[in-house]
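In what follows, a single structure is set out as structure tokens and then discussed.
Naming: A, B, ... by sequence-line order, numbering from 1 per chain.
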Protein chains: 2
Amino acid sequence: MNKHSQLPAGTTSSPIYDVLRKDLVGGRFAAGEKLAINALKEHYQVGLSPLREALNKLAAYGLLIQENQRGFRVPKLTRDELDDIARLRTELEGMALERAITHGDALWEAELLAAAHRLKRADVSLDKGEEWERLHTQFHRTLVAPCGSVWLLRFIEQLHDQFDRYRRLGPKMPIIRQELDDQHHELVDLALSRDANAARALMDDHIHKSYEVALARFQAHA
Amino acid sequence: MNKHSQLPAGTTSSPIYDVLRKDLVGGRFAAGEKLAINALKEHYQVGLSPLREALNKLAAYGLLIQENQRGFRVPKLTRDELDDIARLRTELEGMALERAITHGDALWEAELLAAAHRLKRADVSLDKGEEWERLHTQFHRTLVAPCGSVWLLRFIEQLHDQFDRYRRLGPKMPIIRQELDDQHHELVDLALSRDANAARALMDDHIHKSYEVALARFQAHA
DNA sequence: TTATCAAAAATAATCGATTTTTTAACTCAT
DNA sequence: ATGAGTTAAAAAATCGATTATTTTTGATAA
């Protein structure tokens with residue numbers, strides 16, 4: 001299996017796309033900020049053409065906004081959009097989880113256990129860095145992987161990135177974070193016991209708790 | 001209102017993106033074909049940089065496949081993918097229609113009637129060209145527009161483009177096409193009478209009939 | 001002081017040419 | 001003939017420089 005797994009647009013050449021994507025999701029750029037292309041060029045040590053092509057792809061993906069003759073901008077974060085993303089993620093990821101539980105085979109069970117274990121190992125270090133994020137994304141991806149719909153997986157991944165822009169700016173909230181970590185293992189248990197309804201209900205709650213973390217930032221800054 | 005309406009990635013500068021998108025959805029390129037960038041450059045009379053940026057966006061959108069150091073390719077058409085797209089379109093468009101019927105206001109009712117009327121005027125001309133396609137897309141977009149979810153609308157538009165790649169290669173099938181045309185008006189009636197369940201059922205059938213048209217090509221060529 | 005306009009600076013977008021990589025053609029040995 | 005290895009041709013990707021557009025600055029007048 002690829003170490004990067006198959007990204008929808010990640011089949012492309014230069015790694016600048018993936019790096020920028022990671023930095024955008026990780027909040028390295030301020031929401032609403034206008035990107036200074038020359039500064040990016042220098043900072044990431046890439047040429048103008050590969051950079052612009054990456055920015056164009058990110059705009060089509062929804063992590064940037066392209067404005068007519070005035071470059072690229074980081075999308076603003078709004079309460080309304082967070083609600084939209086969380087609700088749609090609940091619907092799509094729930095749908096995918098049901099299908100995955102129907103179709104997932106023994107290999108999937110093994111990979112799911114492995115992904116959950118790797119994530120738990122990273123949970124213990126209280127400071128959750130890029131590595132934890134990677135494992136977390138990978139866990140959720142594994143969970144729904146055998147749903148049978150390439151397009152559904154694609155949309156879910158896109159929504160995850162969007163959602164994470166909000167979540168990763170949220171406060172620590174150690175109690176809720178602990179519950180979230182625990183839920184990953186409960187999700188595995190329910191998936192392995194093929195209890196689609198309970199799994200879906202738990203996923204709904206999981207997303208809702210994450211939503212509360214993300215939302216806290218708005219209430220603090222409002 | 002814009003004559004092009006708001007496209008997710010259509011905010012950008014050069015019109016080459018929209019032209020290429022239209023041609024890709026319209027089947028101007030063979031499925032699986034490798035794009036000869038220099039030929040495109042000449043044919044569309046654009047420079048290399050704007051062209052490559054458009055191709056990058058189309059790859060991120062899913063209408064092209066970008067391969068590592070060997071350019072761009074038109075995605076193949078497969079029975080499995082058609083099934084996937086049709087099924088997901090049914091779920092998402094049904095979901096959006098329900099929400100639109102809940103939230104749509106009087107202005108929406110008026111626009112919906114207008115869009116249906118314009119489409120019917122184009123229906124009569126048996127040869128359904130680009131103009132009919134535009135009005136058809138516009139009708140379906142209007143139908144779900146007030147669903148309240150920007151991201152849901154975005155995914156639906158993407159799926160529509162993907163679905164249309166298949167549908168537009170399907171055979172004439174005048175009887176089924178006539179039924180499809182009639183269903184547009186029935187959809188308006190059910191939307192205006194706020195009968196979400198019936199509307200959703202009809203939409204399911206509408207997509208299924210279109211699916212049969214698209215599928216016919218596979219059975220012929222198989 | 002504020003507003004309007006013009007000039008200058010900064011930035012985005014595009015172009016033409018160069019470099020890199022892939023694909024095709026060819027040679028030669030088995 | 002077939003296949004490996006080499007060279008030539010084609011194509012993709014990148015670079016550096018130019019052009020077009022926007023934004024900022026500063027001057028002038030109301």
Please determine, for the side chain of P50(A), which listed nucleotide (dA12(C), dT14(D), dT14(C)) has the closest atom? dT14(D)
From K22(B) NZ over to D164(B) CG, what is the distance, rounded to the nearest 0.5 angstrom? 13.5 Å
K41(B) vs dC15(C): side-chain N/O to OP1/OP2 distance below 4.0 Å: no
Please state how far atom CG in N68(A) lies from atom C1' in dT22(D), giving the value in whole angstrom units. 11 Å
Does W132(A) offer a backbone N or O that forms a donor-acceptor pair with the side chain of H136(A) under 3.5 Å? no
Here the distance between atom P of dA12(C) and atom CG of L51(A), to the nearest Å, is 10 Å
Residue set satisfying salt bridge (charged side-chain N to carboxylate O under 4.0 Å, His left out) with R89(B), at least two apart, ordered chain then number -> E93(B)
Considering every strand and a 4.0 Å limit on heavy-atom distances, what is the contact class for L35(A): base, sugar-phosphate, or nothing? sugar-phosphate
With respect to the phosphate group of dA12(C), does any side-chain polar atom (N or O) of K34(A) fall under 4.0 Å of OP1 or OP2? yes
Quick check: H160(A) with F163(A) (ring centres under 6.0 Å apart)? no
Please work out which of the three classes, parallel, tilted or perpendicular, describes the rings of F29(B) and Y44(B), given edges at 30° and 60°. tilted
Is it the case that the side chains of D84(A) and S149(B) hold a donor-acceptor pair, with the cut-off being a distance below 3.5 Å and no angle test? yes
Rounded to whole Å, how long is the line connecting atom CG of L40(A) with atom P of dT11(C)? 12 Å
Rounded to whole Å, CZ of R52(B) lies from P of dA13(C) at a distance of 17 Å
Any side-chain N or O of R70(A) under 4.0 Å from OP1/OP2 of dT11(C)? no
Taken to the nearest whole Å, CG/N56(A) to P/dA12(C) is 13 Å
Going by side-chain hydrogen bond (donor to acceptor under 3.5 Å, both in side chains), name the residues that satisfy it together with K41(B), two or more places apart in sequence or in a different chain. none
On DNA chain D, does the nearest nucleotide to S49(B) precede the nearest nucleotide to N38(B) from the 5' side, or the other way round? Give the residue. N38(B)
Protein-nucleotide distance (L55(B), atom CG; dA12(D), atom P), rounded to Å: 10 Å
Please enumerate all protein N or O atoms sitting under 3.5 Å from an N or O of nucleotides 17-20 of chain C, with distances to 0.1 Å.
none

Could you tell me the separation between the CD atom of E67(A) and the P atom of dT23(D), rounded to a whole number of Å? 9 Å
Rounded distance in Å - CD1 (I37(B)) to C1' (dT14(D)): 13 Å
